[in-house]
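Notes for the one structure printed next.
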Amino acid sequence: MTTEVPAVPQQPVQIWRPNAPADATPDAIVHRQLATGLFHGAGVPLTVHLTGLGCDRLETSVTPVGDGVAVIEVTAPVPATVRAEWRIPCVGATAYWTPDTNASRWLPPSWVAPRTVSLALGAPVASLIGADDRALCTAAAGETSAPVRVGAGVVEESGEFAFTVEQDLTPEGPPLRLRIDLGGRHFAATLRSVTDWWAEGLDHPGIAPAARMPAYSTWYSLHQNVDTAAVERQAALAAAVGCESIIVDDGWQTTDRARGYGHCGDWEPNPEAFPDPSAHVAEVHRLGVAYLLWYAVPFIGRHNDAWDRFKGMILREEPHLDAAVLDPRHPEVRAYLIEKIARSVEEWGMDGVKLDFIDRFAVAGPPPAPAGADRTTVHEGVLQLLADLDTRLRRTRPDVIVEHRQPYVSPGLWPYATMVRATDCPLSPAENRQRTVDCRLTAGPLAVHADMITWHSDETSESVAVHLVNALFSVPQISVDLAAQSPDRLATLRFWLGVFRRYADVLQLGVLEPVRPDLGYPLVLAHDHSTTVVARYAPLPVALPDRHAADGPQTLLVANADVDTVVLLTATRPEQALARVQDCRGEILSETALDLVAGVNPVTVPTGGLLTLTRER
């Protein structure tokens, strides 16, 4: 259904865009105003302004898909750049949410450069959030591989908030598809609807159970100082505290310990440290632990035999890393990487791989496809590489575990990954919380992992628990020398990893409702039909869920990561419940029957501790 406003288009207040080239406007250009059937504010119709650069005609359709939600589709008869822009009054706005790993939640000005989203970098979705965490507008593009430019910001001249989405179209290529949601629901619910939309027609192979269980990583604990003995020692200790996999990071392929990536590319085990990889993996498996191996996929270092072979097949050099980024448009590059990475599963018996730095393929203004390339664009080469690698790995291990990482979180990569990890934020529990929650909101079928959790050797057990609670709604990766931990810290690890394991279904697969993105999610909750889990990172009250609802949860867990130990439970009616309070090590401090009153009910929960409230039916 196409609906166009027949009158002469009323041009909106211009957005100031600095540094736009003077010759940026092509000879052919077309403007359209498209009525969406949606309404904002006090019943004002939403109009999308379309601009086609390089064409004189656009084909459009609008499809209602729910209350306050519509999908717009735009095609062009010739190659063209199409820009869609729409605005809503910036009234009561508190935050602007994107999956960009470097984003604040502040409202940007409209003249900020749009972010370019592609297969290897980001995801095309954004939400303007208002009071009560309701989405004033959530918008997403359907193109998740080819680059899409997503902009937004406050128009100073009018006090509006403008959204822009720009995509290059060809007659034979995918259309510009936009999903605009003005339904006013909780912003997390609107983002879940976006991920459902992206998932239509996608076939994901499923998640190996180990990918949703706590893991151990060697990166922060050992860095490049890895060898057979060190890995096996940590694997045994990790299994004892509740980890089900170990991820061996950088260092396995080199004797160099100076950091940098000059020794990446040959991907041969350091024979001094790993003389027999197959026997080593078998020993880790005997301990009951799955094994994943790290690869910096795009990098070819100067100190490798492969440098001379591939130095003419690169996208760019990165001298500060002592390496270059390979060009995946070359079939020879893809075949080489697949052969090297597949060895870990096919020959050494590993359970999966950690594919690092895929975002480095997302170069701005890549050179034209060179001689010998069989793919025109870089994203096509990346997609082919990962699809072929996935096929190869699953021939040997159908339940292979593949880790990706922020910022390469595009839904176009979902079929080729089983988990996605928050990008590096060592010793920053608040950042780990925000990044994992952000990932959860748009990760679709993937398991979301926290960045590796580490701490200083003088840290208290309570602080260790705070680190863990900040990652509660993801899969924790532990990265400390477990042999050097005190009994109290080990007890804290065992207790909280036990909570992660016991409540994995609700924590990872339940309905996630983070609170106040503008304040960094000071309260986060997840719930299913029987259990609600709340993590408290600031001295905020916790509302008891309605147990009288048809599927009202009967168990409430409150994890306290704040220094304030008085948790205020707010109830709508009197009721009785059994309250158990545990400290950071899991020791039971009290078990009492509570007579809850309508209103505020204070309960003391120590920092790093857990309140479990079992309510009578």
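Keep in mind that this is a model prediction, so the values were computed, not measured. All residue numbers refer to positions in the sequence shown, counting from 1.
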Are [X] and [Y] within salt-bridge range, i.e. N to O under 4.0 Å?
{"X": "Arg149", "Y": "Asp168", "result": "yes"}
{"X": "Arg105", "Y": "Asp438", "result": "yes"}
{"X": "Arg212", "Y": "Glu244", "result": "no"}
{"X": "Arg334", "Y": "Glu332", "result": "no"}
{"X": "Arg83", "Y": "Glu85", "result": "no"}
{"X": "Arg302", "Y": "Glu317", "result": "yes"}
{"X": "Arg397", "Y": "Asp351", "result": "yes"}

For [X], enumerate each residue passing the salt bridge (Lys or Arg N to Asp or Glu O under 4.0 Å) test, keeping only those at least two apart in sequence or located in another chain.
{"X": "Asp276", "result": "none"}
{"X": "Glu347", "result": "Arg343"}
{"X": "Arg329", "result": "Asp327"}
{"X": "Asp390", "result": "Arg394"}

Do Asp451 and Gln477 come within less than 4.5 Å of each other through their side chains, counting heavy atoms only? no
For the ring pair Tyr295 and Trp252, is the centre-to-centre distance below 6.0 Å? yes
Is the His285-Tyr291 ring centre distance short of 6.0 angstrom? no
Which residue pairs pass the ring pair (Phe, Tyr, Trp, His ring centres under 6.0 Å) test when at least one of the two sits in residues 382-415, sequence neighbours left out? His404-Tyr408
Using the side chain to side chain contact (heavy atoms under 4.5 Å, CB included) definition, which of the options Leu321, Leu121, Leu315 pairs with Arg360? Leu321
For the CG atom on Asp56, are there more than 12 heavy atoms of other groups (residues, nucleotides or ligands in this structure) within a distance under 6.0 Å? no
For Arg405 and Asp359, what are the C-alpha separation, side-chain angles and deciding distance, and is it a salt bridge (Lys or Arg N to Asp or Glu O under 4.0 Å)? CA-CA 9 Å; Arg405 172 180 56 78; Asp359 52 307; 3.4 Å; yes
To the nearest 0.5 Å, tell me how far Lys354 NZ sits from Ser344 OG. 14.0 Å
In short, side-chain hydrogen bond (donor to acceptor under 3.5 Å, both in side chains) pairs touching residues 194-206 with sequence neighbours left out are none
